[in-house]
Amino acid sequence: MTHDVAVLKASKIASHVLAPAAGQNDKAGRFSTEAVEALGESGLLGLLLSVDFGGAGLGPRTFAAVMATLAEADASVAMVYLMHILGTVAIAAARPSAAQALAPILREIGAGRHLSTLAFSEVGSRSHFWAPISRAHQNGNGVRISAKKSWVTSAGHAHSYVVSALAPEGAGTTDSTLYLLGADTAGLSVAGPWDGLGLRANASAPIALDDCQVPSDFQLTDDGAGFPAMLNIVLPLFSLGSSAVALGLCRAAVAGTTSHLKSAKFEHLGQSLGESLPTLRAQLATMQIDTDGLSARIDDLVEHLEKPRETTMLRVLESKAAAGDVAISVTSTAMRVCGGAAFSKHLGIERLFRDAHAGAVMAPTGDVLREFIGKSLLGMPLF
Ligand SMILES: Cc1cc2nc3c(=O)[nH]c(=O)nc-3n(C[C@H](O)[C@H](O)[C@H](O)COP(=O)(O)OP(=O)(O)OC[C@H]3O[C@@H](n4cnc5c(N)ncnc54)[C@H](O)[C@@H]3O)c2cc1C
């Protein structure tokens with residue numbers, strides 16, 4: 001699969017599967033199994049996976065474009081896809097001793113039949129995902145884990161969960177290890193409903209792990225190496241993917257607002273809203289400027305990920321922080337420009353507005369990213 005083919009496939013799925021159902025799934029808080037099936041059949045579930053496992057072996061540039069295309073139609077599905085891609089890269093980067101046991105799972109992902117996700121955040125440490133409260137306990141040829149994972153996208157729908165827990169002998173709060181748990185693991189259960197303000201159709205429910213046994217060949221990282229894996233393998237692509245979700249939301253807001261300003265009329269003036277009011281045109285222009293600014297920022301991040309250098313981690317942190325703010329600003333302006341028609345839910349703009357608020361809340365949150373950026377500029381330790 002080439003870059004162009006991948007984006008075309010995403011575009012077809014977005015217009016044929018996602019867009020027609022996004023409003024209804026949002027209303028009902030319904031997870032779209034059809035979307036996951038379509039992504040699997042198209043080969044997009046294996047987008048970044050090596051061709052050795054049936055994946056497409058593509059990189060961050062294509063990933064960003066696919067993400068933004070999906071998010072423009074339905075950000076809930078885009079977030080399901082993002083978490084799957086992150087789960088997949090974590091599995092694919094597993095330590096050599098796990099390679100044999102994990103190969104069949106990677107092949108299933110390559111064949112489009114396996115959905116994965118991340119289960120990092122815990123009730124006890126909230127947005128500080130780098131500091132799990134749960135601890136793995138050595139048990140024969142493996143570990144046992146009990147944990148309260150507070151938000152897990154695709155909970156109850158994923159086939160596997162990449163789970164963090166403190167290493168059995170870990171001394172510090174970040175001495176974690178990553179493990180892979182199949183959805184059928186005894187003791188793993190969805191622990192509550194998902195009824196969010198936004199991203200309502202992505203099943204980001206809590207899951208409970210009750211004394212789950214994990215064999216040693218499903219331990220993805222060495223003991224204590226979970227934290228560097230989160231920072232170096234997961235975080236860069238999470239930042240890129242969530243920035244692309246924000247971009248998709250902004251593009252949808254610009255398109256929806258443009259369409260409304262062209263079609264809604266002041267009949268007594270014989271003009272459309274857009275023809276009649278310069279203030280609405282100016283606000284639409286600001287939305288477009290901010291959207292294209294975010295797009296340029298994403299291109300810059302892609303370039304940094306393709307050719308890593310000293311400033312790459314700074315760009316990773318900056319991009320997610322900025323994208324969350326831009327998405328909120330652009331969709332808020334869309335709400336104001338479209339007025340009562342948006343407020344009364346006639347345009348789908350308010351779904352974009354609600355979905356846009358998730359980005360800044362998802363860890364590392366916009367506030368935490370600013371803390372990290374400020375500390376790193378001042379040469380202070382981040383943790
Ligand atoms: C739709 C959705 C899907 C999610 N999916 C997943 C998933 O698949 N897997 C997963 O592991 N997690 C997931 N999460 C969880 C997410 O990543 C965060 O952990 C969670 O949203 C944080 O919740 P909280 O507000 O309770 O955090 P809190 O820590 O209580 O944060 C409260 C406020 O304090 C601020 N704050 C916290 N610490 C600092 C600090 N050091 N400096 C400055 N400000 C700070 C925060 O920015 C926030 O404004 C998801 C969340 C959402 C909303």
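Atoms considered below: every heavy atom in the structure, side chains included; atoms not considered: hydrogens, waters and symmetry mates. Atoms within each ligand, like the ligands themselves, are counted from 1 in listed order.
- The heavy atom nearest to atom 30 (O) of ligand 1, considering only H357, R126, M230, R370, is found in R126.
- Under the 4.0 Å criterion applied to side-chain N and carboxylate O atoms, R370 and D325 are assigned as salt-bridge partners.
- Using a cut-off of 4.0 Å between Lys/Arg side-chain N and Asp/Glu carboxylate O, E303 and R309 are scored as salt-bridged.
- Of all the heavy atoms of S204, the ones lying under 4.0 Å from any atom of ligand 1 belong exclusively to the side chain.
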Pairs of donor and acceptor atoms involving the side chains of residues 101-112, under 3.5 Å and at least two apart or interchain, shall be tabulated with distances.
residue : atom : partner : partner atom : Å
E108    : OE1  : R113    : NE           : 3.2
E108    : OE2  : R113    : NE           : 3.3
E108    : OE2  : R113    : NH2          : 2.9

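- For T365, every heavy-atom contact with ligand 1 shorter than 4.0 Å involves the side chain, none the backbone.
- At a threshold of 4.0 Å, the pair R61-D299 does not count as salt-bridged, since none of the basic side-chain nitrogens sits closer than that to a carboxylate oxygen.
- Nearest-heavy-atom check against atom 21 (O) of ligand 1 across D355, V361, V368 picks out V361.
- The neighbour count for K375 NZ, taken as heavy atoms of other residues, nucleotides or ligands under 6.0 Å away, is above 12.
- Not less than 6.0 angstrom separates the ring centroid of Y161 from the ring centroid of Y179.
- Residue, atom and distance of the protein heavy atom nearest to atom 7 (C) of ligand 1 are W151 O, 3.3 Å.
- Between V152 and ligand 1, no N or O atom pair is found at a separation short of 3.5 Å.
- Defined by atom type and a distance below 3.5 Å, a donor-acceptor pair is present between the side-chain atoms of R336 and Q283.
- Of the candidates D367, L382, T117, D367 brings a heavy atom nearest to atom 44 (N) of ligand 1.
- Within the 4.0 angstrom cut-off, atom 12 (N) of ligand 1 has one or more protein heavy-atom neighbours.
- Nearest-residue assignment for atom 4 (C) of ligand 1 (options M79, E122, M362; heavy-atom criterion): M362.
- Atom 41 (N) of ligand 1 has its nearest heavy-atom neighbour, among H128, R200, K149, in H128.
- In this comparison of A75, S127, S154, the heavy atom closest to atom 31 (O) of ligand 1 sits on S127.
- Of the candidates L197, T153, N202, the one placing a heavy atom closest to atom 8 (O) of ligand 1 is T153.
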